[in-house]
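To start, the structure under review is shown below, and the notes come after it.
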Amino acid sequence: MPTLPSPAQPATITIAPLEVRSTSLAEQAYDRLRTLILDRKISGGSPLQEGRLAEELGISRTPMREALVRLAGEGLLVRRDARSYAVRALGTKEYFDCMRAREVIEGEAIALAAPRISNEELDALEAEVRALDEGEHDETAHWHFDDKLHLFLAGASGNVVFPRLVEELRVNARLFRLHSPLHRQRENHDEHGRILEALRSRDADRARAAMRAHLRSLQEDVRRAILD
């Protein structure tokens, strides 16, 4: 993948000030910035200056610094200098390594989840797939459902570690695709539908195969884009 040029100016974004709530200001700042990054509101490589962000959010630098350090610790940001960070760019090899790890973990997770998920839960997920398929929705709505589905299945496995691993791997894959022109909503609908059909059959092997086919399809789209 071509590398992106480093912008000379800080990212230009407008962020509403935070409200004082029961959660800490650092936690709120972390949540706000994480959402902005994953929803493509902040472009990769753009400098995020601690002082400017603190001013826009209406908080002091201390909670802002805590939020930025936390995001860097999770691999979403990289430090540029003493007072600024940038959204981390994921390399091609790391993307494919993450996806292969997802095949193993999410394949096992869905196999364990198959007999545990209720018909009511499947009905609700299928209704969301249909709603996204039939209506007009921006890319963020599709990403949020994709996130919800994969994390739900990881949690439904009964393995308390799987959700954390899946979330981390998904965030890494998302960082790679922040700069990708790939928009595969139709393919995702079809593949998610096949995953839910496999779960409805309560066949663990079929569910595992549907999940792995979905993840491999994502990788094939990236390979084609790179070759083109």
Side-chain angles (χ1 to χ4, degrees), residues 1 4 23-24 26-46 48 65-80 85-114 116-117 125 139-180 182 184 188 191-192 195 199 207-208 210-223:
M1 295 289 290
L4 295 172
T23 54
S24 72
E27 183 76 20
Q28 292 181 58
Y30 162 82
D31 288 338
R32 181 74 60 82
L33 289 176
R34 188 177 189 276
T35 298
L36 288 169
I37 292 167
L38 295 179
D39 285 353
R40 302 189 186 202
K41 304 300 183 185
I42 302 175
S43 60
S46 298
L48 299 176
R65 187 176 304 120
E66 291 177 14
L68 291 170
V69 168
R70 182 176 172 185
L71 289 164
E74 293 181 3
L76 281 167
L77 300 179
V78 292
R79 186 182 288 276
R80 290 174 59 91
Y85 293 79
V87 177
R88 183 168 72 93
L90 199 78
T92 304
K93 181 182 186 305
E94 188 174 356
Y95 168 77
F96 285 112
D97 285 348
C98 285
M99 293 302 291
R100 282 189 285 271
R102 285 184 62 188
E103 286 184 42
V104 175
I105 294 169
E106 294 196 59
E108 181 63 18
I110 197 172
L112 292 171
R116 298 167 57 93
I117 298 175
L125 291 168
E139 188 179 14
T140 300
H142 292 272
W143 159 253
H144 286 172
F145 174 75
D146 190 62
D147 203 33
K148 174 182 177 178
L149 175 64
H150 285 267
L151 292 176
F152 169 75
L153 294 175
S157 70
N159 184 307
V160 297
V161 178
F162 280 171
R164 295 199 301 271
L165 295 176
V166 169
E167 182 172 19
E168 179 181 351
L169 291 167
R170 282 182 56 77
V171 165
N172 283 343
R174 180 66 171 170
L175 285 173
F176 179 82
R177 295 175 73 89
L178 286 178
H179 318 298
S180 166
L182 300 173
R184 59 184 324 272
N188 274 356
E191 291 160 15
H192 288 161
I195 287 170
L199 287 168
R208 182 187 290 109
M211 177 61 74
R212 288 181 173 172
H214 169 50
L215 297 174
R216 287 170 184 172
S217 178
L218 290 167
Q219 295 172 72
E220 284 305 312
D221 282 354
V222 171
R223 288 191 182 94

Please evaluate residues Leu33 and Leu68 with respect to the criterion side chain to side chain contact (heavy atoms under 4.5 Å, CB included), reporting the C-alpha separation (whole Å), side-chain torsions for both, the decisive distance (0.1 Å), and the verdict. CA-CA 9 Å; Leu33 289 176; Leu68 291 170; 3.9 Å; yes

Trace of the side chain to side chain contact (heavy atoms under 4.5 Å, CB included) decision for Leu215 with Glu106: CA-CA 9 Å; Leu215 297 174; Glu106 294 196 59; 4.3 Å; yes

Audit row: Ile195, His214, side chain to side chain contact (heavy atoms under 4.5 Å, CB included) steps and yes/no: CA-CA 8 Å; Ile195 287 170; His214 169 50; 4.0 Å; yes

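The closest side-chain heavy-atom distance from His192 to Leu149 is below 4.5 Å. Annotation: side chain of Arg70 is in contact with side chain of Glu27 (closest heavy-atom distance under 4.5 Å). Phe176 has its side chain out of reach of Glu94: every pair of non-hydrogen atoms, C-beta onward, lies at least 4.5 Å apart. Considering only heavy atoms from C-beta on, Met99 comes within 4.5 Å of Leu218 through its side chain. In this structure, the side chains of Phe162 and Leu153 stay at 4.5 Å or more apart for every pair of heavy atoms.
Put simply, CZ on Phe152 and CZ on Phe145 are 10.0 Å apart, with the number rounded to the nearest 0.5 Å. Taking CZ of Arg32 as the start and CD1 of Ile37 as the end, the distance is 13.0 Å to the nearest 0.5 Å. Atom OG1 of Thr35 sits about 6.5 Å away from atom NE2 of His144, to the nearest 0.5 Å. Note that NZ of Lys93 and SG of Cys98 are 10.0 Å apart. Values are rounded to the nearest 0.5 Å. Rounding to the nearest 0.5 Å places CD1 of Ile110 at 7.0 Å from CD1 of Ile117.
Listed by first then second residue, pairs satisfying salt bridge (charged side-chain N to carboxylate O under 4.0 Å, His left out) with a partner in residues 140-152 read Glu128-Lys148, Asp146-Arg170, Asp147-Arg170, not counting sequence neighbours.
Between Leu199 and Ala207, the closest heavy-atom pair is CD2-CB, 4.2 Å. Residue Ala111 comes nearest to Arg208 through the heavy atom pair CB-NH2, 3.2 Å, listed as atom of the first residue, atom of the second, then distance. Heavy-atom minimum distance, Ala26 versus Ala67: O-CB, 3.6 Å. In terms of heavy-atom proximity, Ser157 sits nearest to Ala109 at CB-O, 3.4 Å. Val222 approaches Tyr95 most closely through the heavy-atom pair CG2-OH, 3.5 Å. Between Ala101 and Leu169, the shortest heavy-atom contact is CB-CD1, 4.0 Å.
Between Glu220 and Arg216 there is no salt bridge, since none of the side-chain N atoms of the basic residue sits less than 4.0 Å from a carboxylate O of the acidic one. The residues Arg34 and Asp31 are annotated as not salt-bridged, no charged nitrogen and carboxylate oxygen being separated by less than 4.0 angstrom.
Residue Met211 forms a side chain to side chain contact (heavy atoms under 4.5 Å, CB included) with just one option from His150, Glu108, Glu191, Arg102, and that option is His150. The only option from Leu77, Val78, Leu76 that meets the side chain to side chain contact (heavy atoms under 4.5 Å, CB included) definition with Arg88 turns out to be Val78.
Side chain of Arg116 to main chain of Ala156: a donor-acceptor pair is present (N/O by atom type, distance under 3.5 Å, no hydrogens or angles). Checking side-chain atoms of Arg80 against main-chain N and O of Ala86 turns up no donor-acceptor pair under 3.5 Å.
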